[in-house]
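See below for the structure under consideration.
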Protein chains: 2
Amino acid sequence: MRVTIKDVAKKANVSIATVSRVFNDYSDISDATKNRIKKIAKDMNYVPNLAARTLSSKTQESIACIFNRLDFSTKAPWILEVLSGVYQYTIDVGQKFVFYVTSDEIQNEKTYTQFCYEHNITGAVIGGLTMNDPYYHEIKVTTIPTVIIDMEVDNKFVGTVSVDNKKASEEAVDYLVSLGHHEIAMINGKRETYVSLVREQGYRESLEKNNLMIKKSMVCYTDFEEGAAYEATKVLLRENPEVTAIFCVNDLVAIGALQAVKDLRLSVPGDISIMGFDDIPLAAYVNPTLSTVHQDLEQVAYGGAKLLHSIILKEERESNKLFLPHEITIRESVGQAPS
Amino acid sequence: MRVTIKDVAKKANVSIATVSRVFNDYSDISDATKNRIKKIAKDMNYVPNLAARTLSSKTQESIACIFNRLDFSTKAPWILEVLSGVYQYTIDVGQKFVFYVTSDEIQNEKTYTQFCYEHNITGAVIGGLTMNDPYYHEIKVTTIPTVIIDMEVDNKFVGTVSVDNKKASEEAVDYLVSLGHHEIAMINGKRETYVSLVREQGYRESLEKNNLMIKKSMVCYTDFEEGAAYEATKVLLRENPEVTAIFCVNDLVAIGALQAVKDLRLSVPGDISIMGFDDIPLAAYVNPTLSTVHQDLEQVAYGGAKLLHSIILKEERESNKLFLPHEITIRESVGQAPS
DNA sequence: CTGAAAGCGCTTACAG
DNA sequence: CTGAAAGCGCTTACAG
């Protein structure tokens, strides 16, 4: 039998209210009883039942991390970085951390609000959402404190955190242009994903700013995976032989592109320069090593958790949008445009 | 205001007991009322409060995944694989999934039993434990259904799941021997980690079986990280110049060793053969590519969750120990012993 | 500083 | 097939 607050109260000859106060760090308890009860509780192996606590207090101060879908590539463990960043924040501020995974099924069964109510979630950092997820549309109008990773939403209850994907992409393409590239293609991800959208915007703005033509056939979409990127690159280069540089929506895609270029017996960066995004571990190991946009998702997630906390506490703040720094990381896969 | 079972009951003109029965799929409810109540509940946006449910039913059928420490290398995202394997099992059988992280602090504050009671955990798959963790010793005698990843324990309430680390290591070293290597070193991980222990056992058994000398100076310990392995390898090769092959406790260590050998201007596998363990994504990308022992931790975790479920349900089963298959994966880093 | 009591939102014997 | 009622283990005004 597990020991409850009653057992402790009885043994200590106090009311359960007193025991409860001790465990909730109420200040108006004499140190004597406090210590006595703590000792007794410890000896009895007592721990408060979280479910009971949550139920009676109505508000469990916890920070949730929610992922939509747990699909991941071990090559690009960004979920882990996000998880870890949120977790670390909760540790640093002594908040309770909870983790949930949703799925398409869950999204169809119950609303985001319902999901949060069901799990007594005060606020959540949420990742892995795409623009056609029901939860994305709901979050645009929710009143539940929420922070979305890598997505922007205008709602005072919702924060958004990421690197400045648009600006970073623009810089990355600017860099290609600065090396003399005029025919720059982009291998993008899924259309429904927000980062695909903004990274493409950055790509377009760079081209426009530099007075370069934006050709429709030079942007193609993939599912963010190596294999799809490999095929897409082959098609793209066949149809656009003038291309000398490819900006990729992420490193996994870039690695697929790299392989495709090599298999076409073209050289990287001699014939084709390739630029990635994310700086996953593999980026420094592929051959040639990958130039890319470095971002620290653990820091992004940490910042997201902090922002969420601030929203929950209804603190004053300048903005609900937080951009963390990125860095263009130069390695071997990008070089001068062939003359 | 969130809607509760009372609101639904009132609107439907039934007792809360009836609503509760509908949501728990009791069979003795007329289809008419059942559907009527479901519709009303849906229209009202009702979802049962999990905390209340847990509290009153005393037993929430959920499968927990617990990690001790959330420290990870993005290069070796095994935590994610375990998480995903357990999660996938719960999806497949329709069980609730919960995820918790413990820390040294938590281990010192409350016992494993207390932790599980507090969170109303029926059973847990637990990873990341070392042999000097308090929870490890407690789990040896716990009565809470538990499955440990990559560790063996004799307790009918506890299952253990992994590849056969000892056998796999023995095979890996056998393979080195078969290529003519007689002076085989091992760069091991932490002494407190169970896999270090058993993988070393496998290494020793192979040497013994093949009548090769086991020299104390030829096994050294690291913290499982690249950097430490790099240094250890340099020292080891300086002190044991006769070494022609190194068996590494995991791939991260192997990659560190690889770099050290290269920096010593020795060739891999010309002068020194290197064998890893795990087959992380990087293994196929380093130069030379890494020969290693492939394991599928997602499958291991999936099997672990299944075993846990069986323990929770008190099903008959042959054994509480589950070994999943591994595979010696040959790449470039291992070759014939230099003559 | 401490207790009695209501209440959080459910489940589940017990009765009918 | 359905309801009344006790109870799960806590928290928190209210009172003193």
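We use all heavy atoms of the structure for the numbers below, so side chains are in, but hydrogens, waters and symmetry mates are not. Residue numbers begin at 1 in each chain, while the letters A, B, ... track the order of the sequences.
The listed nucleotides are dG3(D), dC8(D), dC10(C); the one nearest the side chain of Val14(B) is dG3(D). The listed nucleotides are dC10(D), dG9(C), dT11(C); the one nearest the side chain of Ala52(A) is dC10(D). Comparing dT11(C), dC8(C), dG3(C) against the side chain of Ser57(B) picks out dT11(C) as the nearest. The side chain of Ala17(A) lies closest to dT12(D) when the candidates are dT12(D), dC10(D), dC10(C).
Under the ring-ring contact (aromatic ring centres under 6.0 Å, His included) criterion, His309(B) pairs with Tyr89(B), sequence neighbours left out.
For dC10(C), neither phosphate oxygen OP1 nor OP2 lies less than 4.0 angstrom from any side-chain nitrogen or oxygen of Ser20(B). Taking side-chain N and O atoms only, Asn49(A) has no distance below 4.0 Å to OP1 or OP2 of dC8(D). OP1 or OP2 of dT12(D) sits under 4.0 Å from a side-chain N or O of Tyr26(A). In this structure, Thr33(A) reaches the dT2(C) phosphate: one of its side-chain N or O atoms is under 4.0 Å from OP1 or OP2. An OP1 or OP2 oxygen of dG3(D) is reached within less than 4.0 angstrom by a side-chain nitrogen or oxygen of Ser15(B). One finds a side-chain N or O of Thr18(B) lying less than 4.0 angstrom from the OP1 or OP2 phosphate oxygen of dG3(D). OP1 and OP2 of dG9(C) both lie 4.0 Å or more from every side-chain N or O belonging to Tyr46(B).
Following rounding to the nearest Å, Arg53(A) (CZ) and dT12(D) (C1') show an atom-to-atom distance of 13 Å. In this structure, His119(A) places its NE2 atom 17 Å from P of dG9(C), rounding to the nearest Å. Remark: P of dG7(C) and CD1 of Ile16(B) are 14 Å apart, rounded to the nearest angstrom. One interatomic measurement links the two molecules: CD of Glu118(B) to C1' of dG9(D), which rounds to 13 Å at whole-angstrom precision. Taking atom OH on Tyr117(B) and atom P on dC10(D), their separation rounds to 13 Å, with Å as the unit. One can place CG of Asn24(B) at 10 Å from C1' of dT12(C), the figure rounded to the nearest angstrom. Atom CG in Leu50(A) sits about 15 Å away from atom C1' in dC8(C), given to the nearest Å. Atom-to-atom, NZ of Lys34(B) to C1' of dT2(D) comes out at 14 Å; the value is rounded to the nearest Å.
When the nearest nucleotides of DNA chain D are assigned to Arg21(A) and Val47(A) by heavy-atom distance, the more 5′-ward of the two goes with Val47(A).
Side-chain contact check for Gln95(B) and Ser62(B): no donor-acceptor pair (N or O, by modelled atom type) lies under 3.5 Å.
For Phe23(B) and Tyr46(B), the gap between ring centers is short of 6.0 Å.
Between Arg317(A) atom CZ and Lys306(A) atom NZ the span is 13.0 Å, to the nearest 0.5 Å. Atom CD1 in Ile37(B) sits 12.0 Å away from atom CE in Met44(B) (nearest 0.5 Å).
In plain terms, the two heavy atoms of Val161(A) and Val300(A) that are nearest each other are CG2-O, 3.4 Å.
Stem regions for DNA chain C, each three or more consecutive Watson-Crick or G-U pairs with both distances under 3.5 Å and listed by first number, read C:1-3 with D:14-16, C:5-12 with D:5-12, C:14-16 with D:1-3.
The only member of Trp78(A), Phe72(A), Tyr100(A) that meets ring-ring contact (aromatic ring centres under 6.0 Å, His included) when paired with Phe67(A) is Trp78(A).
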>> Quick one, Tyr112(B) with Thr146(B), criterion side chain to side chain donor-acceptor pair (under 3.5 Å). Give me CA distance, side-chain angles, the key distance, then yes/no.
In response: CA-CA 11 Å; Tyr112(B) 176 63; Thr146(B) 303; 2.8 Å; yes
